[in-house]
2 protein chains.
Amino acid sequence: MGHRDGFEKPGSRAENREEIERAILNAAEEVFAQKGFGGATMQAIADACHLPKANLHYYFSSKETLYRRVVERIFTIWLEAADSFETSATPDVALRRYITRKMQLSREHRYGSKVWANEVMHGAPIIHDYLETSLRRWTETRIAVIRRWSAEGAIHDVDPRWLLYMIWSTTQHYADFAHQIETLNQGPLSDAQWVSATETVCQIILRGIGLNGDGLDGVAPL
Amino acid sequence: MGHRDGFEKPGSRAENREEIERAILNAAEEVFAQKGFGGATMQAIADACHLPKANLHYYFSSKETLYRRVVERIFTIWLEAADSFETSATPDVALRRYITRKMQLSREHRYGSKVWANEVMHGAPIIHDYLETSLRRWTETRIAVIRRWSAEGAIHDVDPRWLLYMIWSTTQHYADFAHQIETLNQGPLSDAQWVSATETVCQIILRGIGLNGDGLDGVAPL
DNA sequence: GTCTATACCCAGATAGAC
DNA sequence: GTCTATCTGGGTATAGAC
């Protein structure tokens, strides 16, 4: 007992390590989102998670490694969310779910969305391979589904790519351009405004491709 | 005559200065777009316009001054483009023109759009006042117009804000996320693809708010 | 007006005590 | 594992020759 280094409960050290890493990643996500990779400093990230700067280098070998981990974590969340675009559902259900989920992500993961946008805008130097593998695969399966819907006459004849880009951009805009939106709104969006915005995006897109968009034809309320 | 410093044609020096400044601004726009403010270096900008680094400081007192000038220039182009949203026209014409113009800007001013997006994503530290003055004024006049259209029954009842954000995001996406789009497309978009994307965006949005969107009801082909 | 050489500072990374 | 002190590279900005 006393000040000599004692025993730890098995696993507690590893758990603690994970916890600290998560804290650093969260802080890093916010700082990278607000300042960009070049503008962010290890000092600022360290301050944000109340750790000495040197500790960050103990857990992550370099600034770039840390950044890469942040981006990878976001990409994973993104891909999982993408599953809400169920390829088995009807167009109404699939699109409504997907748009709603993406709006929710924009609200709950604003910083993640910004880091992702930043990364892509700068030419995706870190995650370029993900774009060419995971994202491309995901996109191609959805394109095929949308094509089928068109062929069956369930929706108008649209190029699936432009439709997907439209969904991505409109939903992510609420995270990436949150500052502009909140400035024009003179404050953060209320719960009601989020619902209203989500509903509007759903309706315009669904009606735009020939569905009635009222959300009353087979979609269970979420 | 000879090597002693001679006369200049009136205005030629000033013209030259403007030319050099424009060259620096163009180079800076590209570098800032690709690297962000923090990631960009004066050296990289100097290289891009084939000038020694010190000359940049002769024409622009600091990196931040240069950046500010770049952002202001973009904002001006943006606002001018905004005039294509003519408040006097019918919804079909006004929206179609505005969307088309914004798509064109995304294609022709990719870097400018990226710098703007970057600036807003990082909380608009430089142009925050523009958001609260010029942009807010512009937005409010358009909101009023869209409200009127709704009231007259010309378009469905939508919150004008969400509609505007939708137009901004979908069109700017083609500039800001160009890298992602081109990766999925395995190359830059062709002329035909730009036309097709523009047409799709117009149709989905116009139909989405209750217009027929076929572009054949009063809009002269541009 | 133009450019080379340099001052100065700050940020990423590490050494080494605890 | 944690933290202080320090090294080092690179970036902004400027001094001063031409």
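Here is how names work: the chains are called A, B, and so on, in the same order as the sequence lines, proteins then strands, and each is numbered from 1.
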Notebook entry, point to check: Taking N and O atoms by type only, does the side chain of A/K53 place a donor or acceptor under 3.5 Å from a partner on the base of C/dG12?
Noted result: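 Answer yes: a donor N or O sits under 3.5 Å from an acceptor.
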Check: Hey, would you say the A/Y165 and A/W168 ring centroids sit under 6.0 Å apart?
Finding: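 Yes: the rings meet the under 6.0 Å criterion.
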Measure from the side-chain heavy atoms of [X] and tell me the nearest of [options].
X     : options                : value
A/A54 : C/dG12, C/dA15, D/dA15 : C/dA15
A/K63 : D/dT14, D/dG1, C/dG12  : C/dG12
A/N55 : C/dC3, D/dT2, C/dG1    : D/dT2

Strictly below 4.0 Å: does [X] bring a side-chain N or O up to OP1 or OP2 of [N]?
X     : N      : answer
B/H57 : D/dA13 : yes
A/Y59 : D/dT2  : yes
A/Y58 : D/dC3  : no

Nearest-angstrom distance from the residue atom [atom1] of [X] to [atom2] of [N]:
X     : N      : atom1 : atom2 : result
B/H50 : C/dC3  : NE2   : P     : 13 Å
B/Q43 : D/dG9  : CD    : C1'   : 15 Å
B/K35 : D/dG11 : NZ    : P     : 11 Å
A/L66 : C/dA11 : CG    : C1'   : 15 Å
B/L56 : D/dG11 : CG    : P     : 15 Å
A/E64 : C/dA13 : CD    : C1'   : 14 Å
B/I20 : C/dG1  : CD1   : P     : 8 Å
A/M42 : D/dT6  : CE    : P     : 21 Å

Item checked: A/K35, NZ atom: more than 12 neighbouring heavy atoms under 6.0 Å ->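 No - once you tally the heavy atoms of other residues, nucleotides and ligands closer than 6.0 Å, there are 12 at most.
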Notebook entry, point to check: Counting heavy atoms not belonging to B/E64, are there more than 12 under 6.0 Å from its CD?
Noted result: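 Atom CD in B/E64 is not crowded, with 12 or fewer foreign heavy atoms closer than 6.0 Å.
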Next item on the list: Would you check if there is a donor-acceptor pair between the side chains of B/E119 and B/Y67 at a distance under 3.5 Å?
Entry: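 B/E119 and B/Y67 do have a side-chain donor-acceptor pair below 3.5 Å.
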Check: Just by distance, with hydrogens left out, do A/T200 and B/D159 show a side-chain donor and acceptor under 3.5 Å apart?
Finding: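 B/D159 and A/T200 do not have a side-chain donor-acceptor pair below 3.5 Å.
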Notebook entry, point to check: How would you label the contact of A/A44 with the nucleic acid (heavy atoms, under 4.0 Å): base, sugar-phosphate, or nothing?
Noted result: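 The residue A/A44 makes no contact with any strand.
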Check: For A/F60, which contact category applies under a 4.0 Å heavy-atom criterion: base, sugar-phosphate, or nothing?
Finding: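 The residue A/F60 makes no contact with any strand.
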